[in-house]
Amino acid sequence: MSTKPSILKGTRDFLPDTMVKRNYIFNTIQTVFQKFGFLPIETPCIEKTETLLGKYGEEGDRLIFRVMNQGESLKKADLKALEDGNIGRFSNSISDKALRYDLTVPFARFVVQNQNELSFPFKRYQIQPVWRGDRPARGRYREFYQCDADVVGSDSLIFEVELVQIFDEVLTRLGLPDFSIKINNRKILSGIAEVCGESENLIPITVAIDKLDKIGKGGVIEELKNRGISNEAIQKIDPLFELSGDNENKLNVLKDFLAESDTGLKGIEELEFVFDAINNLGLQKAKLELEVTLARGLNYYTGAIFEVVANNVNMGSICGGGRYDDLTALFGLKGMSGVGISFGADRIYDVMSELDLFPNELLRTTSYLFINFGEKEQMYCMGLANKLRAENISCEIYPESKAMKKQMKYANDRGIPNVVLIGSKEMEEGVVTIKDMTSGNQVTKSVEEFLKH
RNA sequence: GUGGUUGUAGCUCAGUUGGUUAGAGCGCCUGGUUGUGGUUCAGGAGGUCGUGGGUUCGAGACCCAUCUUCCACCCCA
């Protein structure tokens, strides 16, 4: 019995015309990463569960794809836990491995494990798929690629600046017409909570104010109330909702607001450094915006936080990133500050498709198709193809001497711009007939002239 | 995970208050005399109407379940 084949929800097959566009994105990102001195690594797609669990917050843990144990070890299943409804313990009893949820945590593990082989500050890039047991939606997949660049072993703020430059360079190269790099600092968020006397409620506060642009000021205040934040604190925060003007303005307001908080002021100082540097160096297409409401879900961030959105497109953030002071400490290596960014290639793809930003010539992977007229001609064409390929010109030979109509159609469907016709007549005379598939024009030239280009 | 929504040919969709052999456009295949694609003309193939139950003399249309699609929330790349 054959069933209709299908793939898992949230996963995708990529056809060639999609792949050439995806590769174009990956190559662009990789080129820029290399330009800034980042080195490539890879890590396994499957990790020990203990490596991943507890690094992404409660919601994150829930979305990690667990991989079941094999064979005999399944007998260790904790059926009692299952009966008690303790799904977590039951899962752990039948699974001790999981698919990676992002590239940052495995990277932290990698750094600790290989610390003696690395020289610091270590700058790595990594382009690999990650998996999330999320419900798929527009721009959200269960399997998708992340393109990460991180630096560990330095708390220098020049990396924050360089990472902003990388965002700018990559997305400008890809032709995005209008995008914003939003930046904030966890220390500012801590400072806000501190000034309000709600330090212990940092997470609920940030989650609530993160939604400002979605649910508006009223909605945020309500949410803060629901989360048990005191009225005095809410009143205190209030002016921040009205924060407007340019980045400098916002920083000045914040400076007053956070005057009592050393942590908060430190955050401002860090941001000022980044803004000053970027003002000096300039950006190509990106707008760099201070966004106090930017929080981001990942718990491990401690300093700068980044998020990039494409303007005028209905799509979540296309890139993210931030500084994490102590991620490697979780694996036993202290004092290793890190900062990194991630490009969501799949979402960038979706945005570029929507805005029609892919160059047309991407699909033209083959320049010449040799029409096949028979055994003798085929061999002769293979010789010419050899010479073209030696010059790095891509070409192919139709594999059978089928009806010319079929061969031409193949060239047409494949978007091959030139067809080479060499029948017995051309062979005898030492010439080739070349048809330009766009115009339909045909010219005949000598073999030498054809190979010269 | 919560609420709603969708499912008919490879694709986009029609299909009248349940009633014979389920349609269109595009795509695909074949041909318009054996060296010409894209355009044009003439033919053709292709659907157990998501799946499994149920109501009915009769279901693509109605009911239930399940899967799937899309949207919002949650969260996120």
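Both backbone and side-chain heavy atoms feed into the values below; hydrogens, waters and symmetry mates do not.
Below the 3.5 angstrom threshold, one finds no donor paired with an acceptor across the side chain of A/Asn412 and the base of B/G38. Within 3.5 Å, no donor on the side chain of A/Arg132 pairs with an acceptor on the base of B/C75, nor the reverse. Counting distance only, with no hydrogens placed and no angle test, the side-chain atoms of A/Lys409 and the base atoms of B/G38 include no donor-acceptor pair under 3.5 Å. Taking only distance into account, the side chain of A/Gln442 meets the base of B/U36 through a donor-acceptor pair shorter than 3.5 Å.
Note on A/Asp150 versus A/Arg124: salt bridge recorded, some NZ/NE/NH1/NH2 to OD/OE distance being below 4.0 Å. A/Lys97 and A/Glu47 are not joined by a salt bridge, as no carboxylate oxygen comes within less than 4.0 angstrom of a charged side-chain nitrogen. For A/Glu400 and A/Lys406, the salt-bridge test fails: no basic side-chain N is under 4.0 Å from an acidic carboxylate O. Using a cut-off of 4.0 Å between Lys/Arg side-chain N and Asp/Glu carboxylate O, A/Asp102 and A/Arg132 are scored as not salt-bridged. Salt-bridge annotation for A/Glu169 and A/Arg173: present, with a side-chain N of the basic residue lying under 4.0 Å from a carboxylate O of the acidic one.
Contacts of A/Tyr141 with the nucleic acid, taken as non-hydrogen atoms under 4.0 Å apart, include base atoms. Using a 4.0 Å heavy-atom distance criterion, A/Glu426 is classed as a base contact.
Nearest-nucleotide mapping onto RNA chain B: of A/Thr438 and A/Gly423, the residue sitting toward the 5' end is A/Gly423. Remark on RNA chain B: of its neighbouring residues A/Val308 and A/Ile422, the 5'-side contact belongs to A/Ile422, judged by nearest-heavy-atom nucleotide.
Annotation: B/G50 and B/A22 have their P atoms spaced 15 Å apart (nearest Å). With both ends at atom P, the span from B/G53 to B/G1 equals 27 Å, rounded to whole Å. B/C62 and B/G18: their P atoms are spaced 8 Å apart (whole Å). Separating the C1' atom of B/U48 from that of B/G37 is a span of 39 Å, rounded to the nearest Å. For the P atoms, the distance from B/C49 to B/U8 is 12 Å, rounded to whole Å. For the P atoms, the distance from B/C63 to B/U56 is 16 Å, rounded to whole Å. B/G15 and B/A24: their C1' atoms are spaced 11 Å apart (whole Å). For the P atoms, the distance from B/A9 to B/C75 is 38 Å, rounded to whole Å.
Between A/Phe450 and A/Phe370, the ring planes lie perpendicular to each other; the angle is over 60°, past the 30° to 60° tilted range. A/Tyr125 and A/Phe33 have tilted rings, their planes meeting at an angle from 30° to 60° on a 0 to 90° scale.
If you take OH of A/Tyr101 and P of B/C75, they are 12 Å apart, rounded to a whole angstrom. Taking atom CD1 of residue A/Ile348 and atom P of nucleotide B/A77, one finds them 13 Å apart after rounding to whole Å. Rounding to whole angstrom units, NZ of residue A/Lys405 and P of B/U33 are separated by 9 Å. Atom CZ of A/Phe167 and atom C1' of B/A77 are 11 Å apart (whole Å). The separation between A/Leu421 atom CG and B/G37 atom P is 11 Å, rounded to whole Å. For the pair A/Phe343 CZ and B/A77 C1', the interatomic distance rounds to 12 Å; values are reported in whole Å. Going from atom OH of A/Tyr398 over to atom P of B/G37 covers 14 Å, rounded to whole Å. Taking atom CE of residue A/Met437 and atom P of nucleotide B/G37, one finds them 9 Å apart after rounding to whole Å.
Taking a centre distance below 5.5 Å and an interplanar angle below 30 degrees as the stacking criterion, A/Phe373 does not stack against the six-membered base ring of B/G35.
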**Study point:** Dot-bracket encoding of pairs in RNA chain B, which uses [ ] for pseudoknotted crossings and | for another strand, Watson-Crick or G-U under 3.5 angstrom
**Key:** ((((..(..((((.....[...)))).(((((.......))))).....(((((..]....))))))..))))....
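Under the rule for a ring pair (Phe, Tyr, Trp, His ring centres under 6.0 Å), the partners of A/Tyr324 that lie at least two apart in sequence or sit in another chain are A/Tyr300.
The side chain of A/Lys406 places an N or O atom within less than 4.0 Å of a non-bridging phosphate oxygen (OP1 or OP2) of B/U30.
Cation-pi geometry between A/Arg12 and A/Tyr141 is satisfied (NZ or CZ under 6.0 Å from the ring centre, within 45° of the ring normal).
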